[in-house]
Amino acid sequence: MEDKKEPLNFIEEFIEEDIRNGKHAGRIHTRFPPEPNGYLHIGHCKAIWINFELAKKYGGKTNLRFDDTNPTTEDTEYVDSIKGDIHWLGYDWEGREYYASDYFGQLYEYALVLIRKGLAYVDDSTQEEIAAQKGTPSQPGTESPYRSRSIEENFDLFERMKNGEFPDGARVLRAKGDLTSPNMHMRDPILYRIKRDHHHRTGDDWLIYPMYDFAHGQSDSIEGITHSLCSLEFIHHRPLYDWFIEKLEIFPSRQIEFARMNVSYMITSKRRLLKLVNEGHVSGWDDPRMPTIAGMRRRGYPAEALREFCKRTGVAKRDNLIEIELLEHCVREVLNRDALRVMAVLDPVKLVITNYPAGQTELMEVENNPEAPETGSRQVPFSGELYIEREDFMEEPSKKFFRLAPGQMVRLKSAYIIQCEDFVKDPATGQVTEIHCTYFPESRSGNDTSGLKAKGTLHWVSAAQAIDAEVRMYERLFTDPEPTSHEGKDFMEFVNPESLRVISHAQVEPGLRDAVSGQSYQFIRKGYFSADADSTPEKPVFNLTATLKDSWKGGN
RNA sequence: AGACCCAUGGUGUAACGGUAGCACUACAGAUUUUGGUUCUGUCUGUUAAGGUUCGAAUCCUUAUGGGUCUACCA
């Protein structure tokens, strides 16, 4: 039998080609290299997925390496959250937790090698002068007046930079690249700068810090990374990446660039996300509306759904804007399979069954998850006084309204068929305050002998036993799929003022008193909800994860 | 302006010179004690023009469009 070959993405093709050629004896080693200066978001999620899944597929390994070469912005607080997020996503670096700062000593030695080879020099030019020397993409750069210093002088100056003899910013170490290259990164890039900042790991050991270009590739090389996968904007860095490997004569890691994932209605700019937090549009980095991994976790998105989402969106080099509907589909797919069904009335209106024996309570057997019969069932109290959803009653129903209306019959889920006889309205507000029905005792779920058929089925809770819950209803954070794409308009103009609606007094079935933070439920007919950490024994709190798909078109 | 990257339905992604497929979305229908799920069906596509070839989404050229690069950030 021939198994259909699953199509490979372009990175897999490169890898398989390398394997065929016997490169590195077929060894595959990737790395996920976050900078510990912020929280992980949906974009990182894709990078994590690519690096870990690819290594897994080819029997390789993935390192976690913190790219911590800029002490000014980095902090251990982020290290911890990043590690937690990766683990939650379902990936493990098996103890290979490294830091670019682990290699500061080695990197310094590499710099000396370049100086010795006459390929690096200490430059006294100011930041502005260096910028001017770079030229423009269409005009070549000009030589720094310090470019031709002797090797001895460069050794001396660089060591004194390291020893703290010069103030911050006074000098830098630059590579002697190609000032005529159309690639700006080759025009004598800066390798080291002087910075008297406390580093979260090396403390005050160092006064000079390597730049990204002089740290990343060498770190890959030191760790024996075979395939260094990064996003497309680093493509112009690749010649430099290769140049250092060649000149330093070190292990040749290979950089491959892919297009990062963009998702509609989500933004990933650290600066912008921070603004949302600082200005109080969200409650924090883990607000359920945030595109951060912490936010999506709190929202109730299962890690499995995120992984599936990454898988389905593929790996390629073209710019993309993935519709958030696909993410939501993946979320629903997992939750439909796994979430326990419960009944919760978000906008309660009282329903009285006039012919139900006064004071009587029955226990109704309700299935926990029809998609997973092995999850069994539970007993839910039923009585003559219930709450149902306000929107499930219409005084003057439209033709296709299959729910409750004067004279109409519905099935109460896992209970009886009822018929609406009457209703009470508040004369002042015009609002329906009570609905009166009769029930058909022989229509009990499980042994219905009534022969009656109801077109609609409603969820309900028994008024006496229901408990109060807070439910947070979330909508998209932005009113526009690409809030940052509009020229002349700030993305803040598109913040959705209705992205959060708090329902303070939903009525939910009594079993939900024990809801554990993080647990997902399907509130029947309403959507998927996740118990929030703000829950108390007195009052559970739920976040809307995603509504159910709704094919009901409403009126007429 | 120069260099580099990219271009397949509304969206994302396959087809590796030989029938343009899959998923999401949208719409229609069947089933349903969740207007959910499941199932079936429908709509919409190779940026353009040349060239190579028996044959081009695929190879070549040009054009067009989009993106990236000109931080002592990563």
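FYI, side chains are in, hydrogens and waters are out, and symmetry mates aren't considered; it's all heavy atoms of this structure.
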Quickly work out the [X] [atom1] to [N] [atom2] distance and round it to whole Å.
{"X": "A:Asn368", "N": "B:G36", "atom1": "CG", "atom2": "P", "result": "22 Å"}
{"X": "A:Asn262", "N": "B:C6", "atom1": "CG", "atom2": "P", "result": "17 Å"}
{"X": "A:Asn336", "N": "B:G35", "atom1": "CG", "atom2": "P", "result": "14 Å"}
{"X": "A:Arg312", "N": "B:C22", "atom1": "CZ", "atom2": "P", "result": "14 Å"}
{"X": "A:Arg174", "N": "B:A71", "atom1": "CZ", "atom2": "C1'", "result": "13 Å"}
{"X": "A:Asn9", "N": "B:A15", "atom1": "CG", "atom2": "P", "result": "10 Å"}
{"X": "A:Gln139", "N": "B:A3", "atom1": "CD", "atom2": "P", "result": "14 Å"}
{"X": "A:Leu548", "N": "B:U38", "atom1": "CG", "atom2": "P", "result": "11 Å"}

Counting Watson-Crick and G-U wobble pairs only, both distances under 3.5 Å, name the nucleotide matched with [N], or none.
{"N": "B:U61", "value": "B:A49"}
{"N": "B:U33", "value": "none"}
{"N": "B:G41", "value": "B:C27"}
{"N": "B:C4", "value": "B:G67"}
{"N": "B:G21", "value": "B:U13"}

Among [options], which is the nearest nucleotide to the side chain of [X]?
{"X": "A:Arg411", "options": "B:U34, B:G36, B:U33", "value": "B:U33"}
{"X": "A:Leu326", "options": "B:A23, B:U70, B:U33", "value": "B:A23"}
{"X": "A:Leu321", "options": "B:G12, B:A74, B:U25", "value": "B:G12"}
{"X": "A:Glu35", "options": "B:G35, B:C73, B:A1", "value": "B:C73"}
{"X": "A:Thr69", "options": "B:U34, B:A23, B:A74", "value": "B:A74"}
{"X": "A:Ile235", "options": "B:U13, B:A26, B:C5", "value": "B:C5"}
{"X": "A:Asp67", "options": "B:A74, B:A26, B:U70", "value": "B:A74"}
{"X": "A:Glu371", "options": "B:A14, B:C6, B:G36", "value": "B:G36"}
{"X": "A:Val172", "options": "B:U34, B:C72, B:G67", "value": "B:C72"}
{"X": "A:Ser138", "options": "B:A14, B:C72, B:A1", "value": "B:A1"}

Under 4.0 Å between a side-chain N or O of [X] and OP1 or OP2 of [N]?
{"X": "A:Thr73", "N": "B:A74", "answer": "no"}
{"X": "A:Lys270", "N": "B:A74", "answer": "no"}
{"X": "A:His329", "N": "B:C24", "answer": "yes"}

For the aromatic rings, using the six-membered ring if either is Trp, is the centroid distance between [X] and [Y] under 6.0 Å?
{"X": "A:Tyr241", "Y": "A:His237", "result": "no"}
{"X": "A:Phe104", "Y": "A:His199", "result": "yes"}
{"X": "A:Tyr121", "Y": "A:Phe158", "result": "no"}
{"X": "A:Phe529", "Y": "A:Tyr521", "result": "no"}
{"X": "A:Phe542", "Y": "A:Phe523", "result": "yes"}

The test is side chain to side chain donor-acceptor pair (under 3.5 Å); show your working for A:Asp220 and A:Ser228 and say whether it passes. CA-CA 7 Å; A:Asp220 286 340; A:Ser228 181; 2.6 Å; yes
Would you mind classifying the nucleic acid contact of [X] as base, sugar-phosphate or nothing, using non-hydrogen atoms under 4.0 angstrom?
{"X": "A:Phe234", "answer": "base"}
{"X": "A:Gly446", "answer": "base"}
{"X": "A:Lys455", "answer": "nothing"}
{"X": "A:Arg171", "answer": "nothing"}
{"X": "A:Ser445", "answer": "base"}
{"X": "A:Phe401", "answer": "base"}
{"X": "A:Ser231", "answer": "nothing"}
{"X": "A:Glu257", "answer": "nothing"}

Distance between [atom1] atoms of [N] and [M] (Å, rounded):
{"N": "B:C60", "M": "B:C24", "atom1": "C1'", "value": "36 Å"}
{"N": "B:U52", "M": "B:C59", "atom1": "C1'", "value": "8 Å"}
{"N": "B:U64", "M": "B:C27", "atom1": "P", "value": "40 Å"}
{"N": "B:G66", "M": "B:A30", "atom1": "C1'", "value": "44 Å"}
{"N": "B:G21", "M": "B:G45", "atom1": "P", "value": "12 Å"}
{"N": "B:A48", "M": "B:G65", "atom1": "P", "value": "15 Å"}
{"N": "B:G12", "M": "B:U44", "atom1": "C1'", "value": "15 Å"}
{"N": "B:A49", "M": "B:A7", "atom1": "C1'", "value": "16 Å"}

Donor-acceptor pair (no angle test) under 3.5 Å: [X] side chain, [N] base:
{"X": "A:Arg318", "N": "B:G66", "result": "no"}
{"X": "A:Arg341", "N": "B:U34", "result": "yes"}
{"X": "A:Glu233", "N": "B:G67", "result": "no"}
{"X": "A:His236", "N": "B:U68", "result": "yes"}
{"X": "A:Glu325", "N": "B:G12", "result": "no"}
{"X": "A:Thr136", "N": "B:U70", "result": "no"}
{"X": "A:Arg525", "N": "B:U34", "result": "no"}
{"X": "A:His237", "N": "B:A74", "result": "yes"}

Assign each of A:Lys413 and A:Pro210 to its nearest nucleotide of RNA chain B by heavy atoms, then name whichever residue's nucleotide is nearer the 5' end. A:Lys413
Let me know, please, whether A:Asn320 or A:His185 comes out on the 5' side of the other along RNA chain B by nearest nucleotide. A:Asn320
Looking only at side-chain N and O atoms, does A:Glu35 offer a donor or acceptor that is under 3.5 Å from a partner on A:Asn37? yes
Looking at A:Ser253 and A:His227, would you say the former's side chain and the latter's main chain have a donor-acceptor pair under 3.5 Å? no
Shortest non-hydrogen contact between A:Arg525 and A:Leu458, atoms and distance: NH2-CD2, 3.5 Å
Check this for me: A:Lys270, atom NZ, are more than 12 non-hydrogen atoms of other residues, nucleotides or ligands nearer than 6.0 Å? yes
